Amino acid sequence: MRQSHLFTKTRKEIPADETSKNAQLLLKAGYVHKEMAGVYSYLPLGIRVLSKIENIVREEMDAIGGQEITMATLHPKDPWVQTGAWDSVDVLFKIQSRTEKEYALGQSEEEIVTPIAREYLTSYKDLPKAIYQIGNKYRDELRAKSGVMRGREFRMKDMYSFHATQEDFDRYYAIAKQAYLKIFDRLGLVAKATEASGGAFTTKLSYEFMVLTDAGEDDIVYCDTCTHCANVEVSDQKVGETCSRCGKGTLNTAKASEVGNIFDLGQKYTKAFDFSLNTPDGEAFFPIMGCFGIGTTRVVGVVAEALSDDKGLVWPESIAPFRVHLLALGDDEKVKAEAETLYTALTKAGVEVLFDDRADMSAGAKFADADLIGIPTRVVVSTRSLEAGGVVVKKRTEEKGSVISVEAFMNSLMPKA
Ligand code: ATP
Ligand code: MG
């Protein structure tokens, strides 16, 4: 894509009330637009990142047998009354129509998914099944000061699974945990799986997937040697103690942000909606449900927060809006022609490239924009680079670039045989 055609420009002025680093960077670079505290629109660059995150999540959910659906976000009141959540869930947005009928905005989807499952899963032979969606959620969060990491409107992947026995749930839970670790790895994040009690939903064990960042709202303790990690709230071990799990490492503490969680809902919702099936022996049972969430817009914020530097965003390859940022410097005709040729070659080769072809813009301003936008590889064509025999290639994470021939640069982008 040509930067001269890009809908957004980088900007210096952003809403004065925006205090979080992730949203400041995303606003300046043109990924999001702020509507109000906790509510952001996603612009072309932002959508490219969000779609890549959601596609990785989708691939890994499909790989463990999840089937994608889309559920309504405007909910009838009745199922929320039936589970008691209408009165007990404080973040639930309730709205009234002009006929004074009441509705809820989806903050989670157990109230919708369980009645759907009850209609289609009619025999024990239909179990296990897992369905998921990736969509908008609404929560009346009191503190919405963490930018896109805590939205009042945000996006989440939520999967729900249905099982005949606890053993079958446990089997699937272990598979889902591995899928989650794979997802965060593919997203370029180091996520630790904490053991925590399941909050409002259940007293059973759950895992929260935590990424270390000072902008996080959770405090965790973790072992510096093994994978042991726990929320400070529930941990029976303190900082500085020897890890009870491996007996070798020492426990550290850190701020972290929860990017996902998985938990055992037990029979809470199947009982609430009277969703029962019969065993082969004709005995009635309520299926056991699992719930598996990932905050996809929170991931955008966590990456912006945890992987950025003082110059701007730094996207991992797998979720960057473009793979290459091509900069043409100056108005020399030879430079323009070489840059155009390279742009065509990259596009033909299927490499996603943002081409800074903007006229009347200083080299310094183009470099500053490239750093702010945070595309992994920057390639510069200028009079000087051509004299030196090619283009200057620099990774966003490197301080200095190096001159290589156009051919060598193209080869470096091709998949290794
Ligand atoms: P938190 O403790 O951060 O409020 P939660 O326990 O309420 O999270 P869940 O209801 O389990 O979260 O939602 C699943 C995932 O959705 C979370 O792990 C998080 O990544 C994301 N998430 C939750 N609330 C928000 C929010 N307000 N804005 C953005 N993402 C959110
Ligand atoms: Mg919450």
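Here the structure is a predicted model, which is why all the values come from computation and not from measurement. One is the number of the first residue; the rest follow in order along the sequence. Whatever order the structure lists them in is the order used to number ligands and atoms, beginning at 1.
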Look at D140 together with K94 and state whether they make a salt bridge at an N to O cut-off of under 4.0 Å.
->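 No, D140 and K94 are not salt-bridged.
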With the threshold set at 4.0 Å, does a side-chain nitrogen-carboxylate oxygen contact exist between E68 and R58?
-> yes
Report yes or no: does M149 have a heavy atom closer than 4.0 Å to ligand 1?
-> yes
Should G260 be listed as contacting ligand 1, given a heavy-atom distance under 4.0 Å as the test?
->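 Contact check G260 vs ligand 1: positive.
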Can you list the atoms of ligand 1 that are under 4.0 Å from a heavy atom of [X]?
X    : value
E258 : 2 (O), 6 (O), 8 (O), 12 (O), 17 (C), 18 (O), 19 (C), 20 (O)
G151 : 26 (C), 27 (N), 28 (N), 29 (C)
E141 : 24 (N), 26 (C), 27 (N)

Judging by distance only, is a nitrogen or oxygen of [X] under 3.5 angstrom from one on ligand 1?
X    : answer
R150 : yes
V148 : no
V259 : yes

Out of K394, K395, R323, which residue meets the side chain to side chain donor-acceptor pair (under 3.5 Å) rule with T377?
-> K395
Under 3.5 Å, side-chain donor or acceptor atoms of residues 179-187 against the rest of the protein: list the pairs with distances, not counting sequence neighbours.
| from | atom 1 | to | atom 2 | distance (Å) |
| --- | --- | --- | --- | --- |
| Y180 | OH | K157 | NZ | 2.7 |
| Y180 | OH | F292 | O | 3.3 |
| Y180 | OH | G293 | N | 3.0 |
| Y180 | OH | G293 | O | 3.0 |
| R186 | NH1 | E59 | OE1 | 3.0 |
| R186 | NH1 | E60 | OE2 | 2.7 |
| R186 | NH2 | E59 | OE1 | 2.9 |

Of the listed options (R139, E208, M156), which comes nearest to atom 23 (C) of ligand 1 when hydrogens are ignored and any heavy atom counts?
-> R139
Nearest non-hydrogen contact to atom 29 (C) of ligand 1 from the set F154, F263, F209 belongs to F154
A320: what forms a side chain to side chain contact (heavy atoms under 4.5 Å, CB included) with it, not counting sequence neighbours?
->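 Result, side chain to side chain contact (heavy atoms under 4.5 Å, CB included) vs A320: W315, P376.
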Decide yes or no on salt bridge (Lys or Arg N to Asp or Glu O under 4.0 Å) for K52 and E352, but give the supporting numbers first.
-> CA-CA 13 Å; K52 286 185 182 182; E352 291 175 303; 2.6 Å; yes
Is the distance between the ring centroids of Y207 and Y173 less than 6.0 Å?
->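 Centroid distance Y207-Y173: below 6.0 Å, so yes.
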